Amino acid sequence: MIVFRSVPAVAALVLAGSLAVQVRASAATTDGAEAAVAEDLDQSPDEELPLGDLSGEGRWSVLTDNLRWALDVAGRIDVNTRDGSLTHVEFVGIDLHKVVSTSKRDIGTLLVQLYGKGVDGDWKYTTRLLYFNYLASGGGGFNIRFGHILVPFGLNLPSRTPGTLRQYIAGRNIGFKADWGASVNGVLPEWNYEISLTRGSGVDFKSHDSPYLVSGRVGSSMERPLVAGLSALYGDVLGKKGVVRKARVGADVRWLGGPVDVRAELSYGRDDRTTDVLNTFAEVSWWSPEELVMGYVQGRFFMNKPANAWQETSYLTVGARIHVLRHIWLSAEYRHGFTRDSRAQKPDVFRAQLRYRFF
Amino acid sequence: MLLAAASSHGQAYCSLRDPMVALNKAFPSFDHHRSIVREVSEDHRDEILDRLPFTIHRNELGSHTLYAAFDSSDRLLGLIHVRTERGRWGLTEIAWTLGPDLRVDGFRFQRSRESGQAEIESETFQAQVRGLGFVEIRAFLDQDGLLRTEGGIEVPVNARPLAEDTLRSALKTIAATEIVWGRELVKLRGPDGPG
């Protein structure tokens with residue numbers, strides 16, 4: 001798999017590129033202000049600060065300054081309640097977050113989430129997210145993100161679900177949550193936006209059948225208890241059965257009130273210009289005061305109209321997550337499917353996950 | 001603080017966000033900003049506790065970020081420090097704006113499930129804390145860290161619990177900024193800044 005082998009190289013390039021930007025910017029800064037900084041340090045020799053300083057003990061600050069990392073390990077079981085079959089999935093990965101800066105300015109944010117994923121003992125590499133978000137304007141109103149990025153559509157933004165059992169309906173609408181490409185994005189006092197052009201192939205970068213995906217979301221400020229957004233996407237998305245032409249418009253809303261969150265998403269569109277699609281999602285979640293315990297109920301209602309008649313499928317999911325110890329989270333959920341056609345009835349699924357994050 | 005919130009949720013770092021709205025609201029003329037991530041250690045926690053009339057949770061240890069805002073001449077305009085506090089209905093994120101002298105310029109709720117948010121964010125309340133430092137804000141609380149019933153800050157009855165949490169958050173923010181980021185502050189302020 002050429003694709004798999006090339007992904008670490010891309011990761012290394014992004015990392016090296018971002019660090020090179022920092023080195024150059026820091027060098028430029030220290031060139032101009034070297035004398036002043038040296039004088040300052042002479043006056044207070046114990047005040048050496050790794051603010052992009054490349055000299056002396058600050059040399060490693062290029063790598064370690066504003067860096068967070070976590071080792072992320074999770075074990076998951078999926079139980080098919082009809083036949084009792086069990087699938088176990090393990091994740092082992094690194095979650096790295098670095099703000100790349102000069103001495104006085106943030107340049108952007110590098111995010112690296114590289115994982116090994118084992119399904120019933122069969123392991124493979126997967127890139128969950130890998131991007132650099134360049135702060136093109138100082139105020140945050142215009143940024144450029146590139147790499148393996150979240151597709152800006154509906155509740156898929158902001159990121160809340162990587163590595164968790166609790167998911168929304170990005171898979172149903174798009175086929176994946178993250179894709180290779182670039183976006184422009186910004187956070188304004190009352191609004192935020194992100195518009196992306198991506199490969200359309202999801203986790204792995206694949207170019208056969210020339211897939212592509214254009215997507216975007218505009219929403220009200222994430223800082224308010226009530227947030228609403230409008231989304232749209234269009235493109236040829238590469239799936240297991242080849243390319244599917246997807247077109248969607250959608251609306252999402254989230255509301256925080258007391259111990260309860262409410263989230264909902266509605267999207268409408270067409271697959272391959274022939275099948276009308278209507279997807280709806282609603283979730284009510286309850287949070288304990290320190291948010292160590294969280295329970296949720298999700299409803300999914302999907303309608304497809306490949307010919308003259310609508311076909312309906314719906315699911316009810318009940319789940320919970322408990323912060324057991326400082327680094328350990330235990331999650332479980334149960335999903336029941338509803339359909340009018342008993343032959344198409346899918347089995348109920350119980351899933352549980354134990355997750356350890358060392359940071 | 002922001003990372004503490006992400007950590008306690010078990011969320012990945014992609015859920016972290018920069019307080020761009022807080023920066024834009026607090027410093028309309030700011031040109032750029034600089035993040036400074038530092039580790040809040042057990043020793044830092046002990047130092048902070050020495051100054052406070054109440055305790056702080058061990059979950060508040062770990063990596064946290066201070067944001068410094070500059071104008072186009074690289075002059076420090078002020079600081080943004082986002083803290084996550086335990087509320088009655090969940091975690092509350094407060095983005096504090098501090099001047100270079102660590103006096104309060106204002107604050108915004110980045111995330112809150114509490115009642116009384118509008119009253120506490122109002123100009124009436126903010127005007128009572130603006131320009132105040134640690135000692136003056138400490139005076140709004142009694143020896144147990146509770147809101148004084150007389151001679152303290154003026155706030156509607158329904159918003160008193162959130163007011164108490166907010167003032168406690170202010171004290172923690174100022175103390176933590178001074179103790180954990182003290183060395184960086186000296187450099188950020190420059191030779192002509194407040195001592």
Side-chain angles (χ1 to χ4, degrees), chain A residues 40 44 46-49 51 65-70 72 95-97 99 101-106 109 111 113 128-129 135 138-141 150 158-160 162-164 186-189 221-223 225 256-261 287-292 294 321 323 326 329 331 355 357 359, chain B residues 3 5 7-25 27-28 30-38 57-59 62-63 65 67-70 72 74 76 84 86-91 93 95 108-115 117 183-184 186-188 190-191:
Chain A
D40 187 15
S44 50
D46 61 339
E47 302 295 342
E48 287 189 15
L49 306 173
L51 295 177
D65 188 26
N66 290 346
L67 173 71
R68 291 179 167 106
W69 63 272
D72 197 354
D95 182 2
L96 186 150
H97 179 280
V99 181
S101 313
T102 68
S103 61
K104 288 284 178 67
R105 178 189 294 266
D106 285 356
T109 303
L111 187 91
Q113 294 181 353
R128 197 171 276 176
L129 290 173
L135 296 169
L150 286 164
S159 176
R160 284 284 183 270
T164 65
V187 179
L188 305 169
S221 171
M222 296 287 180
E223 299 191 352
L256 281 64
V260 172
D261 285 6
W287 303 74
S288 69
E290 285 187 330
E291 303 191 2
L292 302 179
M294 186 269 289
R321 184 175 66 216
H323 188 173
R326 181 161 186 241
W329 289 262
S331 310
R355 187 179 189 188
R357 275 178 67 83
F359 45 84
Chain B
L3 180 66
S7 300
S8 65
H9 294 173
Q11 288 177 348
Y13 290 150
C14 49
S15 62
L16 290 174
R17 50 183 172 156
D18 294 331
M20 300 310 299
V21 174
L23 281 164
N24 278 295
K25 293 270 187 180
F27 309 108
F30 95 103
D31 180 74
H32 55 278
H33 73 282
R34 212 300 188 178
S35 304
I36 308 169
V37 178
R38 290 292 175 267
H57 200 278
R58 287 189 184 278
N59 277 355
S63 298
T65 307
Y67 301 89
F70 299 91
S72 56
D74 281 346
L76 179 65
T84 298
R86 182 187 188 277
R88 279 136 190 86
W89 301 114
L91 299 177
E93 287 175 13
R108 289 175 53 79
F109 290 104
Q110 286 200 160
R111 177 172 175 269
S112 176
R113 305 166 186 275
E114 307 301 308
S115 60
Q117 180 180 339
R183 300 174 71 192
E184 286 81 358
V186 172
K187 192 154 188 170
L188 289 171

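Predicted model, so just to flag it, every value in this text is computed and none were measured.
By the ring pair (Phe, Tyr, Trp, His ring centres under 6.0 Å) test, B:F30 is found to be paired with no residue, residues two or more places apart in sequence or in another chain being considered. Residues passing the ring pair (Phe, Tyr, Trp, His ring centres under 6.0 Å) test with B:F27, sequence neighbours excluded: none.
B:D74 touches chain A through backbone and side chain together, each having a heavy atom under 4.5 Å away. When heavy atoms are compared at a cutoff of 4.5 Å, A:L188 approaches chain B solely by way of its backbone atoms N, CA, C and O. Contact of A:T109 with chain B is made through the side chain alone, with heavy-atom distances under 4.5 Å. Neither the backbone nor the side chain of B:A69 comes within contact range of chain A; no heavy atom of the residue lies under 4.5 Å from a heavy atom of that chain. Residue contact with chain B, scored on non-hydrogen atoms closer than 4.5 Å, involves the backbone and the side chain of A:P189 alike. Proximity to chain B (any heavy atom under 4.5 Å) is shown, for A:M294, by neither the backbone nor the side chain.
Options B:N24, B:L23, B:L76 differ in how many heavy-atom pairs under 4.5 Å they form with chain A, and the most are formed by B:N24. Counting heavy-atom pairs under 4.5 Å between each of A:G258, A:P158, A:S221, A:G138 and chain B puts A:G258 at the top.
B:R113 and A:D261 are joined by a salt bridge, as a carboxylate oxygen and a charged side-chain nitrogen come within less than 4.0 angstrom of each other.
With rounding to the nearest 0.5 Å, the separation of CG in A:N66 from NE2 in A:H97 is 9.5 Å.
Closest approach of A:Q113 and A:P162 over heavy atoms only: OE1-CB, 4.4 Å.
For B:E114 (side chain) and B:R88 (main-chain N/O), a donor-acceptor pair under 3.5 Å exists by modelled atom type.
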